[in-house]
J.: 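To start, I am sharing the structure in question, which I have written as structure tokens.
All figures in this text were calculated on a predicted structure; none of them were measured in a lab.
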Protein chains: 2
Amino acid sequence: MKKRTYSCGLDAAVDVVGGKWKALILWALHHEPLRFGELKRSISGISEKMLIQQLREMETCGLVHREVYHQVPPKVEYSLTEFGQSLNTALLPLGEWGDKHMATIEAIPRD
Amino acid sequence: MKKRTYSCGLDAAVDVVGGKWKALILWALHHEPLRFGELKRSISGISEKMLIQQLREMETCGLVHREVYHQVPPKVEYSLTEFGQSLNTALLPLGEWGDKHMATIEAIPRD
DNA sequence: CGGCATCCGCATCGATACTG
DNA sequence: CAGTATCGATGCGGATGCCG
């Protein structure tokens, strides 16, 4: 989410789902709504800061819904909106492409 | 192209096509092979440095083919490999999603 | 439990100038 | 025409510590 104008739809979509974590979050929430802590545990390696930051951006985009339960201890659940689910659907072919060629990609020399 | 291991295919694919320019380059080359200068002109705003850098990475991935014609003046043509075309195909739904919702995305407040 | 604030290293990207 | 070289700004993302 850096630009305000895009040269094409693909450009816009990559901007929305790009970055290090958004795709993973989207995927994690695809199955079911998750609490903050569950989300954190299900995405290995993410820091609280990045998780909350990405969630906020996705909430602003209307991709994610944030439901607060006023309890002690606090409970907050995140879920995909229909908009978020439509994006997830659009990402499916890309995910399959990745699955198919992941080995190839990982074998690329990077030094 | 930052990571060497991925938690899922979508993660890998976003890593490959992520960043500011790769999707645009992929799209520009989808129609026909282009020379360096043509490519630069067709992607507004890109610097020579970024263009060559991204092209090199995509060449390393096997997404792009680089054909050098030994002439004066020099001529180099870039085209998509079959691998690159398969990625482009997988990106189509995402591009359509972006087209459909681009206005929504651009309307998001970002300050 | 579910955050927010702050500091900071490092990669990314842009601008400019130069070369074969 | 098709790059290469260098410098500098920016900002992503990690680590740590504190709060309701």
J.: Between R66(A) and E77(A), does at least one N-O distance fall below 4.0 Å, as a salt bridge requires?
T.: no
J.: At less than 4.0 Å, is any side-chain N or O atom of R56(A) found next to OP1 or OP2 of dG2(C)? Yes or no.
T.: no
J.: Contact class for Y69(B) vs. all strands (heavy atom < 4.0 Å): base, sugar-phosphate, or nothing?
T.: nothing
J.: In Å and rounded to the nearest 0.5 Å, what is the CD to OH distance from E106(B) to Y6(A)?
T.: 6.5 Å
J.: Return yes if some donor-acceptor pair links the side-chain N/O of D11(B) with the main-chain N/O of S7(B) below 3.5 Å, else return no.
T.: yes
J.: Please give the angle, rounded to 10 degrees, between the axes at the start and the end of the helix from dC1(C)-dG20(D) to dG20(C)-dC1(D), where five pairs define each axis.
T.: 50°
J.: Would you tell me if any nitrogen or oxygen in the side chain of R66(A) comes within less than 4.0 Å of OP1 or OP2 on dG3(C)?
T.: yes
J.: Under 4.0 Å between a Lys/Arg side-chain N and an Asp/Glu carboxylate O for E67(A) and K75(A)?
T.: no
J.: Side-chain heavy atoms nearer than 4.5 Å, only ILVMFWY residues, links allowed to pass through others: does that put I52(B) and Y69(B) together?
T.: no
J.: Can you sort out which residues in residues 8-17 of chain B have a heavy atom within less than 4.0 Å of DNA chain D? Ascending by number, please.
T.: none
J.: For DNA chain D, what residues of residues 25-38 of chain B have any heavy atom nearer than 4.0 Å?
T.: R35(B), F36(B), G37(B)
J.: If you count the non-hydrogen atoms of other residues, nucleotides and ligands that lie under 6.0 Å from CD in Q71(A), is the total more than 12?
T.: yes
J.: I105(B) and W27(B): same hydrophobic cluster, using ILVMFWY side-chain contacts below 4.5 Å?
T.: no
J.: Please name all residues satisfying salt bridge (charged side-chain N to carboxylate O under 4.0 Å, His left out) with D15(A), sequence neighbours left out, ordered by chain then number.
T.: none
J.: For the pair T81(B) (side chain) and H65(B) (backbone), establish whether a donor and an acceptor sit closer than 3.5 Å, ignoring hydrogens and angles.
T.: no
J.: One character per nucleotide, please: for nucleotides 5-20 of chain D, 5' to 3', B when the base has a protein heavy atom closer than 4.0 Å, S when only the sugar-phosphate does, - otherwise.
T.: -B------BBB----B
J.: For E48(B), give me all partners under salt bridge (charged side-chain N to carboxylate O under 4.0 Å, His left out), at least two apart in sequence or on another chain.
T.: K40(B)
J.: Could you give the distance from CG (L39(B)) to OH (Y78(B)), rounded to the nearest 0.5 Å?
T.: 8.0 Å
J.: What's the CD1-P distance between I52(B) and dA15(C), to the nearest Å?
T.: 18 Å
J.: Do other residues, nucleotides or ligands put more than 12 heavy atoms under 6.0 Å from the NZ atom of K100(A)?
T.: no
